[in-house]
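Here is the structure we will look at.
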Protein chains: 2
Amino acid sequence: VKTRLFYLHAIIGKMPKIGILGGGQLGRMLLQAAANYPVQTYVLENDPECPAAHLCHEFYRGDIRNFDDVYRFGKQLDGITIEIESVNVEALEKLESEGVKIFPKPSALRIIRDKILQKQFYKENDIPSAAFRITEKRDDLKKFSDFLPAVHKLASGGYDGRGVQLLEGDKDIHLGFDMPSVLEKKVDIHKEISQIVAINGAGQTALYPPVEMIFNPILNQLDYQLSPAEIPQQTTWRIEAIAMKVVKDLKTPGIFAVEFFIDRNGDVLVNETAPRVHNSGHHTIEANFSSQFDMLWRIMLGYPLGNPKHIVHAAIVNLIGCDGYSGEAKYEGIDDILKMENVFLHLYGKKETRPGRKMGHATILSPEKSDLVFKAKSIKQKLRITSFQPQTTV
Amino acid sequence: VKTRLFYLHAIIGKMPKIGILGGGQLGRMLLQAAANYPVQTYVLENDPECPAAHLCHEFYRGDIRNFDDVYRFGKQLDGITIEIESVNVEALEKLESEGVKIFPKPSALRIIRDKILQKQFYKENDIPSAAFRITEKRDDLKKFSDFLPAVHKLASGGYDGRGVQLLEGDKDIHLGFDMPSVLEKKVDIHKEISQIVAINGAGQTALYPPVEMIFNPILNQLDYQLSPAEIPQQTTWRIEAIAMKVVKDLKTPGIFAVEFFIDRNGDVLVNETAPRVHNSGHHTIEANFSSQFDMLWRIMLGYPLGNPKHIVHAAIVNLIGCDGYSGEAKYEGIDDILKMENVFLHLYGKKETRPGRKMGHATILSPEKSDLVFKAKSIKQKLRITSFQPQTTV
């Protein structure tokens with residue numbers, strides 16, 4: 001007799017048990033990579049239809065920001081990693097004190113998830129980063145009139161461009177945040193670079209080739225990313241050295257994306273650091289020997305680090321929900337994309353699309369930069385993510 | 001409140017629903033690849049702790065050889081594929097008549113899963129293959145004394161070397177099978193090659209570079225596999241042409257491994273065909289643009305075919321359970337393997353090891369054949385899969 005069965009892995013055996021806080025696309029790709037290793041996987045997430053839910057051994061419904069949810073989820077596990085910084089750090093600290101390995105350590109998470117502490121960390125450790133002032137409330141901005149133009153960033157709660165406001169001059173001060181924030185001197189940006197670094201429990205590191213993030217100057221949106229970045233060798237060395245220092249000073253094993261500005265003078269400044277697998281590393285699945293996801297499993301399972309080198313040059317395009325459409329996702333143009341030679345599609349299986357929501361990405365492999373850029377631009381035109389519901393007005 | 005939840009994807013939405021008969025390593029790797037596409041995945045398998053169980057949206061416990069189990073599993077689906085040929089073809093035929101797409105079609109499965117029909121198919125379609133005779137019972141072998149040396153193969157039920165018996169001469173006839181079988185003229189083998197071919201619903205095909213299977217002459221076991229095979233260009237062309245003919249004559253979309261002998265005269269003969277993803281194609285995950293698993297999803301979801309070309313040369317080593325050990329699997333030497341540059345480990349997460357059981361594979365990437373062979377041999381020495389239980393006598 002056939003039974004529909006969702007099996008409790010009651011007899012877990014001797015495989016290590018690793019949990020992920022959050023069940024989005026980063027968790028999904030981590031779990032795709034996990035299936036190469038003997039590991040039992042766990043996900044904590046509110047939405048049981050999230051991209052990672054069906055790819056783990058055990059899915060727990062719960063709030064990653066809630067102490068009890070995180071603590072109860074974690075206390076059965078050998079290790080935990082995160083998809084997003086806004087998790088309950090107190091629960092992770094308690095779990096760590098009880099022997100659960102956390103990647104990254106809660107001490108590093110505390111620094112990074114608060115933009116004020118993050119900037120102070122750079123300053124204290126002589127890590128080059130744009131000059132900054134701290135504001136507790138909007139009125140504080142008036143004191144820093146001479147410091148403008150600058151970028152006002154909420155200390156916490158910002159994500160993917162939210163909680164960031166450019167203040168060109170006094171006339172913009174009313175746009176600033178009335179909560180603890182950091183005011184960063186505006187950088188005259190030449191290029192934006194992401195440097196992914198892996199560091200294991202023994203302090204050994206692996207550096208991926210730096211990635212160039214190319215923005216659309218009109219929409220002020222990430223257009224596509226190129227790996228490796230086209231930058232002078234000397235700049236690469238500087239970026240690598242600074243990224244290594246950031247990671248070593250954070251004193252935790254894990255995987256990190258250190259984001260940089262290169263300014264018009266060729267100076268290199270840290271913008272911010274993500275203490276986890278990152279959007280700017282998705283190409284490593286196809287383009288590098290050991291992907292960022294494979295690398296994090298190696299670190300968490302105590303295996304030797306993999307080879308971060310690239311096999312071929314690559315570009316990444318984010319596939320985001322079209323403006324004007326919300327509701328159950330509908331994909332137009334998949335065939336056009338998959339017809340292109342050496343283009344790899346990753347759709348995250350999110351049921352609902354929203355304007356600007358990251359619904360997937362495409363990776364392009366080619367030794368020719370012109371081919372990468374041409375295909376990146378074609379993909380952005382051809383793949384449209386809309387909804388089955390009629391178009392809403394915007 | 002946190003709840004432990006194994007979610008029924010009740011609202012399946014508009015994603016196609018594809019099921020896999022069997023939940024072993026082939027299903028596992030298919031599901032790793034499926035997570036790149038918008039598809040709802042289903043697995044039917046008796047063992048709820050099988051390698052693929054936790055990676056699908058819905059796992060059904062049942063017998064893939066049982067009509068009712070397969071039919072009930074399949075009637076909710078848009079498409080079905082197989083991990084193994086020994087499935088209930090009658091149920092698949094009924095499902096096909098009701099509109100479910102089967103990869104490969106049951107008509108092709110009927111030919112391939114019966115070695116007598118398979119040999120007759122080659123003969124009728126002028127596909128070069130070793131001469132053969134049909135035997136219904138062991139006694140029939142006496143009539144074919146002049147035909148020896150030959151290989152006696154059970155018409156059905158053989159798998160991974162079981163159901164195959166070399167008969168050098170009359171003295172070996174008692175070793176033959178007393179059930180319907182095929183007696184194949186012994187081939188003086190120079191090399192064994194696997195040619196993986198993809199064919200979609202529109203009849204378009206994609207050919208992977210042929211793979212060379214290197215056997216240990218003493219153990220008569222597969223030692224490692226090399227991609228691409230080292231064979232003359234003319235032989236490659238001949239293999240490609242014959243493999244294309246096999247697949248076109250089977251008249252079904254799907255992915256196929258056509259296995260060949262090259263004899264001492266350089267002649268090319270089809271050994272047998274597997275109508276599914278195959279052990280000889282596992283390197284395509286890392287070494288080729290579109291892996292065999294990605295390719296099958298493209299075919300099942302009606303997308304354009306991917307690029308089968310290799311990016312780099314590769315070797316595959318199967319990781320099998322050590323002699324003398326049964327029970328919960330224990331891995332020795334993982335670190336030694338993962339320390340080697342550009343070696344990719346795939347452990348299938350099987351709870352129990354047995355002597356000779358396929359527990360995983362390793363893929364090696366390198367432009368140098370000597371490096372591939374050296375690492376393949378090192379991996380076989382260094383990775384040992386034993387059990388936690390004391391060694392049993394063998």
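Chain naming here is simple, since letters A, B, ... match the order of the sequence lines and numbering starts at 1 in each. Quick caveat: nothing in here was measured; it's all calculated off a predicted structure.
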Please report the C-alpha distance between B/Leu347 and A/Tyr37 in whole Å, then the side-chain angles of each, then the deciding distance to 0.1 Å, and finally whether the side-chain contact (heavy atoms from CB on, under 4.5 Å) criterion is met. CA-CA 5 Å; B/Leu347 291 170; A/Tyr37 297 117; 5.6 Å; no
Give the intermediate values and the outcome of side-chain contact (heavy atoms from CB on, under 4.5 Å) for residues B/Gln32 and A/Asn36. CA-CA 9 Å; B/Gln32 283 177 286; A/Asn36 293 342; 3.1 Å; yes
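Residue contact with chain B, scored on non-hydrogen atoms closer than 4.5 Å, is absent for A/Tyr348. Looking at A/Leu301, there are no atoms closer than 4.5 Å to chain B (heavy atoms on both sides), in backbone or side chain. A/Leu338 touches chain B through backbone and side chain together, each having a heavy atom under 4.5 Å away. Contacts between B/Leu305 and chain A at a heavy-atom distance below 4.5 Å involve the backbone alone (N, CA, C, O). Contact annotation for A/Val39: neither backbone nor side-chain heavy atoms come within less than 4.5 Å of a heavy atom of chain B.
Taking both residues in full, the closest heavy atoms of B/Phe344 and A/Phe289 are given as CE2-O, 2.6 Å, listed atom of the first, atom of the second, then distance.
Looking at A/Ile334 and B/Tyr303, their side chains come closer than 4.5 Å, going by heavy atoms from C-beta outward.
Here the OG1-CG distance, from B/Thr41 to A/Leu55, works out to 7.5 Å after rounding to the nearest 0.5 Å. Atom CD of A/Gln40 is separated from atom NE2 of B/His54 by 7.5 Å, given to the nearest 0.5 angstrom. The OH atom of A/Tyr331 sits 5.5 Å away from the CE atom of B/Met15 when rounded to the nearest 0.5 Å.
Remark: B/Arg298 pairs with B/Asp294 by the salt bridge (Lys or Arg N to Asp or Glu O under 4.0 Å) rule, at least two apart or across chains.
No other option in A/Gly302, A/Cys56, A/Gly349 has as many heavy-atom pairs under 4.5 Å with chain B as A/Cys56. For the set A/Lys330, A/Lys339, A/His346, A/Glu286, the count of heavy-atom pairs under 4.5 angstrom toward chain B peaks at A/His346. Counting heavy-atom pairs closer than 4.5 Å to chain B, the top-ranked of the candidates A/Gly306, A/Ser290, A/Ala35 is A/Ala35.
Of all residues spanning residues 309-316 of chain B, those with a heavy atom less than 4.5 Å away from chain A's heavy atoms are B/Lys309, B/Ile311, B/Val312, arranged by number.
Atom CZ of A/Arg65 has 12 or fewer heavy atoms from other residues, nucleotides or ligands within 6.0 Å.
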